[in-house]
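Read through the structure below, which is laid out as structure tokens, and then see the notes.
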2 protein chains.
Amino acid sequence: MQKVTMKDVAKLAGVSTSTVSRVVSDDDRISQDTKEKVLEVMEKLNYYPNSAARSLANKETEIIGLVMPSYEEDIFINPFFQEVLKGVSSITSKNSFDILIATNHEGEDDLDVLKRIVQTQRVDGLILTRSKKDDEGIKYSKEHNIPFVLIGSCLEYDDIPAVDNDNKQAAYNLTSLLINKGRRKIAFISGEINSIVTLKRYKGYLNALQEHDIEVNDDYFISDEFLEESGYKLMSELLKLNDKPDAIVCADDLICVGVLKRIKESKKYNVPEDIMLASFNNTILAKYSNPTITSVDINSVQLGKKASKKLINNLNKKSKSDNSKEILDYKIIKRDSTLLNNE
Amino acid sequence: MQKVTMKDVAKLAGVSTSTVSRVVSDDDRISQDTKEKVLEVMEKLNYYPNSAARSLANKETEIIGLVMPSYEEDIFINPFFQEVLKGVSSITSKNSFDILIATNHEGEDDLDVLKRIVQTQRVDGLILTRSKKDDEGIKYSKEHNIPFVLIGSCLEYDDIPAVDNDNKQAAYNLTSLLINKGRRKIAFISGEINSIVTLKRYKGYLNALQEHDIEVNDDYFISDEFLEESGYKLMSELLKLNDKPDAIVCADDLICVGVLKRIKESKKYNVPEDIMLASFNNTILAKYSNPTITSVDINSVQLGKKASKKLINNLNKKSKSDNSKEILDYKIIKRDSTLLNNE
DNA sequence: TTGTACGCGTTATCAT
DNA sequence: ATGATAACGCGTACAA
């Protein structure tokens, strides 16, 4: 680990550190000659500007923080996260940002983490995901004027920068699909019940039932976490019912494969003949499970892309930020879990 | 975004900034009284130390860089990555570190990225993954005394801190399993051919063949990338052969599901009856595909954990670093892709 | 135990 | 177009 500084470069190039600094930041007001000379010396000395010093002086880190709520233990399991990360990464690449994954330090809750990385100025802005009801992170960020973009929705505020799908409509359509296949006893299995995305999907599900005059059965709405195990466990509950469902809407593919596993183990019911399955996020799991699962493609990679674009835009123009909400398309990918042989 | 500094805290608490600094870094030589007083003021003013200033002063960022080679486009697709991240994150949490995901900025190659985040001192150390032959990142890190740990192996140096499985032995055992099932025409499909993990697995595969006096057929070793599409494409090649394989070892689950997909589409061959499949990494894909896939569990989460532990240890004790190599267990998870009905 | 004063490496302001 | 100099906010010898 060497430590070539601007001073060294300046001295060898016979200029002042300000000049070197201007070369580094590609300032206009500098002659082509000195610029080349300085660049040459930088190359020769293998100079890299110290980013701490930079940040200290200009208040910018060129780092974006990606915050995932830890209440979802799946963060590092669910392919959704990875796809978002992929999208974010592709944009930060083009804009010379890096990504910070904040981790809950000893004794920290989610809000603490957010506060810390923002207030210690480790990052220039945040991408928040999977909002909850009365989400503290959103509230804090908004009240403290922290640049952020939400992937998802927020019920409390209307003027926050966000990117989302119309999950309610998607759930409505997905449920309607099952109804149109003749199913009436449709259950809804979800993860964290206070997550906005869950609520929206649940609402869409309910709307579909009501619109088709199907009575809502309370036993058919159960939730746990966004985990495979949760799906397995919750399906066990459903199988205990006297009046078992003939179709299930899952809030997530990961949950859905758990559900599927449980159904298979029962050896009594077949998918899709006895129980149809429909799910969300269209991850690789839905594509390769047996049977393949009908799932809503929410465009996760695009969610990450759009969110980081919006954030970086807001960071650049220091004027007023773009607090608009963007709604991305979704698409129901029909697969075997809702396809009967005679169709 | 406020900007409470030590000065503010010092003033209000009626002490000097050095005293505040000592409280922040939990210095011993300070009276309980003033400590409490300062802490109180910090709380009241909502003070957070500026991390740029800290880094500048003490040369530490408390950030670990996670470097994934971009030659594998799968980085953000392959569950392996996410599992490693999960392991890393669980350790950084306990040690008050955060994680930086470096992204290739415009015009940067992989080595450039590594150089940049290290030389600009954005991170204290690196976790490298998926090493290649004559890996430039490893060479650079070693030559410049950059604290790093490799997840994987390195052929050129013997004294670098690393965590890995015995992939050669695993491949040997996996291939032997197929041979013991009576298969003789065993192909090996891999990703990036210069990645060390590919080479090791290939070697183990070869060893198994040789030990069982099976002639090596050059047509049976093909490679592309660590992608589903690659598996699909490569399987198409194999199906064109006159002498088709009756078993395939895949270097990765993602590749394997692509292979499986292609086999199914052929409508001529069944897994495992006509073609057995065995793979690596035991991701959720292997567990839920149809048929389920026999795969080597390499303990990805543990790889991430051990690597970050080792790195953080080396960062803490500034003495001589632990350059040992740790070999983790692996386990072949047998599933339907190698299980005949009559067994 | 506490305070003073300087250094960390860069950017920004103000001259020239 | 270039240079001198003062921040930026914190850590740390050194002094008290």
Let me know the distance between [atom1] of [X] and [atom2] of [N], rounded to the nearest Å.
{"X": "B:Q32", "N": "C:dT2", "atom1": "CD", "atom2": "C1'", "value": "16 Å"}
{"X": "A:M42", "N": "C:dT10", "atom1": "CE", "atom2": "P", "value": "11 Å"}
{"X": "A:D8", "N": "C:dT10", "atom1": "CG", "atom2": "C1'", "value": "13 Å"}
{"X": "A:K11", "N": "C:dT10", "atom1": "NZ", "atom2": "C1'", "value": "17 Å"}
{"X": "A:E36", "N": "D:dA1", "atom1": "CD", "atom2": "C1'", "value": "15 Å"}
{"X": "A:D27", "N": "C:dA12", "atom1": "CG", "atom2": "P", "value": "9 Å"}

Within the side chain of [X], is there an N or O that forms a donor-acceptor pair under 3.5 Å with the backbone of [Y]?
{"X": "A:D8", "Y": "A:T5", "value": "yes"}
{"X": "B:D112", "Y": "B:D109", "value": "yes"}
{"X": "A:S93", "Y": "B:N104", "value": "yes"}

### Cationic tip of B:R130 above B:F81 ring, under 6.0 Å, 45° of axis
no
### Query
Tell me, for nucleotides 6-16 of chain D in 5' to 3' order, what letter each nucleotide earns: B for a base near a protein heavy atom under 4.0 Å, S for only sugar-phosphate near one, - for neither?
--BBBBBB---
#### Entry: Polar side chain donor-acceptor pair, A:K115 to A:T120, under 3.5 angstrom
no
### Query
A:T34 near the nucleic acid: base, sugar-phosphate alone, or nothing, with a heavy-atom cut-off under 4.0 Å?
sugar-phosphate
## Note on the structure
Applying salt bridge (Lys or Arg N to Asp or Glu O under 4.0 Å) to A:D28 and not counting sequence neighbours gives none
